[in-house]
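Residue numbering restarts at 1 for every chain, and letters A, B, ... go by the order of the sequence lines.
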Amino acid sequence: MDVRISGVTKLYEPDIRALEDVYLTVPKGEFLYLVGQTGSGKTTLLRLITREVMPTKGQIAVGEYNLRKMSAFDLALYRRDLGVIFQDFKLLPHLTAMENVAFVLDVIGVPPAEVKERTGEVLERVGMWRRRFLRPPQLSGGEQQRIAIARAVVNAPSLLVADEPTGNLDTHTAEEIMQLLLSINASGTTVLMATHNQFLVDAYRQRVLELHMGRVVRDEKRGRYELDGDF
Amino acid sequence: MDVRISGVTKLYEPDIRALEDVYLTVPKGEFLYLVGQTGSGKTTLLRLITREVMPTKGQIAVGEYNLRKMSAFDLALYRRDLGVIFQDFKLLPHLTAMENVAFVLDVIGVPPAEVKERTGEVLERVGMWRRRFLRPPQLSGGEQQRIAIARAVVNAPSLLVADEPTGNLDTHTAEEIMQLLLSINASGTTVLMATHNQFLVDAYRQRVLELHMGRVVRDEKRGRYELDGDF
Amino acid sequence: MGTFRYVLRDTNRLLFRHWGLSLLTLFTAVAVFFLVGSSALFMLNTRYLVARVESELLVQAYVKNEAQLQTVADKAHKIPGVASVRWVTTAEAMERLKTRLKGHAQALTILGENPLPPSLEIGLARAVLAPSVARELLAMPEVDDVIYAGGLADKLARVSRFATRFSMFVLVIAVTASALVLFNTIRISIYSRRDEIGVMLLVGATPTFVALPFVLQGMLLGMGGALGASLLIGGGYEALVRGVEATLPFVQLFRDPSMLLRLGLILLGGGITVGWISSWMAVERFIRRALRPM
Amino acid sequence: MGTFRYVLRDTNRLLFRHWGLSLLTLFTAVAVFFLVGSSALFMLNTRYLVARVESELLVQAYVKNEAQLQTVADKAHKIPGVASVRWVTTAEAMERLKTRLKGHAQALTILGENPLPPSLEIGLARAVLAPSVARELLAMPEVDDVIYAGGLADKLARVSRFATRFSMFVLVIAVTASALVLFNTIRISIYSRRDEIGVMLLVGATPTFVALPFVLQGMLLGMGGALGASLLIGGGYEALVRGVEATLPFVQLFRDPSMLLRLGLILLGGGITVGWISSWMAVERFIRRALRPM
Ligand SMILES: Nc1ncnc2c1ncn2[C@@H]1O[C@H](COP(=O)(O)OP(=O)(O)OP(=O)(O)O)[C@@H](O)[C@H]1O
Ligand SMILES: Nc1ncnc2c1ncn2[C@@H]1O[C@H](COP(=O)(O)OP(=O)(O)OP(=O)(O)O)[C@@H](O)[C@H]1O
Ligand SMILES: [Mg+2]
Ligand SMILES: [Mg+2]
């Protein structure tokens with residue numbers, strides 16, 4: 001799915017301008033890095049796309065969905081087409097790693113046999129097959145992150161939204177995960193990835209969008225990480 | 001406080017060897033990086049020190065505290081001497097950023113006026129003064145991490161345990177936080193920092209301890225990040 | 001298919017993963033339905049008692065001579081509200097007076113001829129009817145005089161009305177309290193799982209799908225609570241009836257198996273309904289909140 | 001200092017930050033204490049009723065001649081369990097017989113000389129004492145015969161015993177249920193804050209410090225619940241008494257302001273105690289679990 005954001009401003013309660021007059025078009029199949037200092041609005045931008053946040057002003061459309069007006073049922077359908085890696089993982093602590101992944105497929109009514117197969121496959125790919133019976137509190141930070149990644153990609157989404165997916169990973173594992181995201185991107189999935197990982201951005205060059213205090217300050221086709229925000 | 005770990009092995013429930021025969025002595029005032037792949041046992045090692053985890057075998061002593069046998073009251077006293085930055089922050093979601101920090105001082109009975117002063121000071125240092133009235137769910141990932149850091153250092157601990165304190169920070173902010181940790185270290189606090197941040201480790205050279213599958217595989221006086229685990 | 005299986009598995013998980021919580025809710029539900037059931041039994045017994053006492057209220061109609069007893073009895077049967085008619089001949093009236101006077105009955109032998117008049121004892125369906133029945137009887141030419149415990153009839157009518165109203169009131173209070181307590185308990189128990197609800201909605205579960213396990217759980221807990229309460233009440237009431245029979249044979253408690261069974265079924269239906277409504281209301285609120293974008 | 005201030009602030013926060021939860025707990029507590037208080041009132045009324053009916057039970061001692069009434073009365077007063085003694089002269093006995101026979105009293109005029117003996121009506125403190133008192137009276141040479149409603153005395157004694165036991169049983173059930181429900185509610189409400197407990201302990205709070213706000217909250221909720229219930233019961237009972245007085249003037253409900261006040265105070269004390277114990281037990285468990293290293 002493609003993403004079309006035009007003239008979006010987001011004000012949070014007291015008077016925090018998280019985003020200001022953002023225009024962004026991401027064609028289907030593109031890979032986009034979202035960079036910027038902490039608090040620059042990356043997560044807010046991604047949350048607009050997952051519709052956890054509504055813009056104060058402006059329009060957002062993803063694929064054929066207009067996010068302004070949407071019934072609860074349509075929202076569910078839309079989110080099934082989305083893969084989301086949350087910055088704070090949002091794993092269910094009382095389910096095992098495997099159940100956390102399978103869960104997404106159960107929710108959308110995939111037959112049990114297929115759930116099992118696809119879950120196993122993706123757990124292998126993120127290297128968590130051996131740890132599949134542990135629950136999140138029993139997993140290391142990096143392991144939890146990999147389960148969150150597995151959950152986001154297991155339903156073969158048309159749009160993948162990844163918020164800081166390598167924050168808890170060592171350089172080597174981060175690269176493996178990056179390979180995984182790239183291969184998913186190669187199969188036609190649009191990928192939006194908010195990241196602070198300078199090493200990855202510089203090593204795997206893609207389109208880079210930099211935010212600074214809620215404004216788009218840079219949009220490069222094959223950009224590098226370095227932030228020019230306030231230096 | 002100094003840390004003396006000798007012959008520690010930690011087995012988790014089914015049959016996971018998180019740590020195997022670890023010996024480590026950290027003299028008072030030292031700064032130590034703990035590096036290693038995800039799941040190599042860094043958090044487990046730090047949790048032994050905060051006594052969230054008991055070793056299956058071996059001895060741990062921190063300062064004059066022997067962590068094997070300890071009353072609930074002594075444990076509380078010990079933890080007041082400790083500053084901990086948790087990998088998952090562990091902020092209280094219903095308190096404001098400021099209350100989350102002040103809380104640690106309230107707990108140990110610091111007079112209100114002093115609580116206010118010290119809290120304000122440390123919030124300034126991590127650059128969160130302006131956001132002090134927001135609650136964790138209203139903060140960005142990096143902002144939450146900085147509150148967690150502020151909370152860990154506000155009681156001027158003798159030993160600071162930091163688990164991946166820069167995972168959600170951009171390079172610039174990460175360097176600022178690193179400066180803060182170094183200045184605390186310079187005032188005599190022992191610092192143990194588990195990290196995946198190659199850039200920081202290589203830029204601010206300190207003692208490096210590398211874990212691989214629960215074993216110490218490297219211990220360098222002024223080491224670099226690169227993991228030689230399984231390459 | 002997958003969905004159905006998931007809902008069942010998840011309901012099961014909700015019930016048994018947090019079995020401590022489930023047990024607590026169940027216990028509360030049992031306590032609450034026990035209260036409702038007991039109030040209902042209290043009401044049944046009150047009404048039963050009043051009905052029995054009412055049936056003992058008699059209107060006494062003194063008839064001019066014994067030959068007319070049949071006529072008056074026939075007419076009396078036709079008056080609405082008359083439940084029974086019993087003849088008291090002159091001889092019987094004398095017998096009664098003798099037993100009333102106990103040891104001093106010999107005094108009556110001095111009387112010679114029996115001066116007591118024959119009468120009819122008329123039982124009523126309801127105490128309130130006494131005055132109107134008495135009036136109709138008095139209007140008959142064959143009837144000499146009518147006596148009934150006017151005060152008692154009045155008292156009984158009032159007690160009956162009061163008891164019905166009071167036990168209705170208790171029942172309504174009990175039902176309201178039970179619904180509220182159950183709703184609160186389920187709400188608190190859902191409250192501790194609100195994160196889960198949020199995550200499910202974020203990965204594309206429909207509101208119905210999310211609500212279903214919680215609602216099923218609520219219904220099962222309500223049913224379990226009602227079932228437990230029914231069994232407890234059944235056993236307890238049986239013991240009470242037996243205990244009363246053994247120690248107080250003159251007291252009669254309400255005892256109608258089909259009525260008691262009906263009470264149990266009503267309780268069960270009520271439990272399921274209350275569990276359903278309260279869990280639905282509780283979970284629906286969290287879903288709405290979780291879906292509302294910031 | 002800091003600590004004290006913190007505990008107060010935190011208790012306040014627990015109560016008002018999650019005010020919805022607090023309200024629910026409070027409501028449950030009110031409902032539960034209402035149940036306890038009502039059971040207690042029920043018990044008081046039962047005992048009061050039994051005591052009143054017992055006081056109406058009389059033993060009738062027939063004395064040989066009127067001159068001996070004084071002697072017998074003096075002796076009777078000394079028998080333990082005798083509450084009152086009343087003379088019934090021959091003339092008074094005749095008057096009573098006349099009113100008993102109602103319209104047919106003229107029949108008695110035929111008797112001429114009054115054949116009825118004088119007697120003493122002896123009131124008892126407790127119905128069970130009737131047989132022993134009767135035996136002692138009969139042993140007196142001046143007493144001709146003793147009559148009392150043996151069956152009634154026996155019945156009353158049984159009713160009294162049964163009512164006491166039954167209402168005790170109801171009260172015990174109510175108290176147990178209330179403690180359990182309150183404990184469960186507080187436990188569930190603490191359950192939703194277990195993370196908080198864990199974090200507090202991790203930053204060096206002592207178990208007592210962590211428990212204090214929760215325990216205070218439990219005590220306040222228990223107190224609030226008991227207070228609410230007391231007021232409700234006070235008002236409700238007042239209304240009930242008035243309602244009964246207006247519609248059923250012949251029924252007398254228990255009404256002793258100092259006793260009712262005491263009931264309220266007991267309820268209040270019980271509420272605080274139950275709130276304290278149950279919240280302490282609930283939070284202590286979480287603290288122990290949070291402190292146990294893996
Ligand atoms: N619910 C909210 N209420 C108020 N302010 C909010 C809320 N959510 C976010 N903010 C503020 O909006 C700004 C942007 O937050 P956002 O999470 O988008 O940053 P970010 O770029 O993702 O940062 P990070 O790299 O640290 O994750 C922050 O200053 C934050 O404090
Ligand atoms: N409570 C637990 N029960 C079972 N296994 C556990 C538990 N906690 C940790 N483990 C396992 O122990 C191993 C070491 O975990 P640890 O959290 O120490 O890793 P780490 O070095 O901190 O990794 P990361 O960099 O990802 O945070 C992991 O494989 C993890 O799955
Ligand atoms: Mg973010
Ligand atoms: Mg870790």
Heavy atoms from other residues, nucleotides or ligands near CZ of B/R17 exceed 12 (cutoff 6.0 Å): no
Enclosure of A/M70 CE (heavy-atom neighbours >12, cutoff 6.0 Å): yes
Pick from A/R131, A/E13, A/Q144 with the largest number of heavy-atom pairs that fall under 4.5 Å of chain B: A/R131
Region of A/L134 that comes under 4.5 Å of a non-hydrogen atom in chain B: side chain
Derivation of the side-chain contact (heavy atoms from CB on, under 4.5 Å) call for A/H212 and A/R215: CA-CA 5 Å; A/H212 180 65; A/R215 290 176 176 281; 5.8 Å; no
Among B/L169, B/I16, B/T43, B/D88, residue most engaged with chain A (heavy-atom pairs, under 4.5 Å): B/L169
Residue, of B/V35, B/T38, B/L139, B/T166, that accumulates the most heavy atom pairs under 4.5 Å with chain A: B/T38
Value rounded to 0.5 Å, distance of CG in A/N197 from CG in B/D170: 12.5 Å
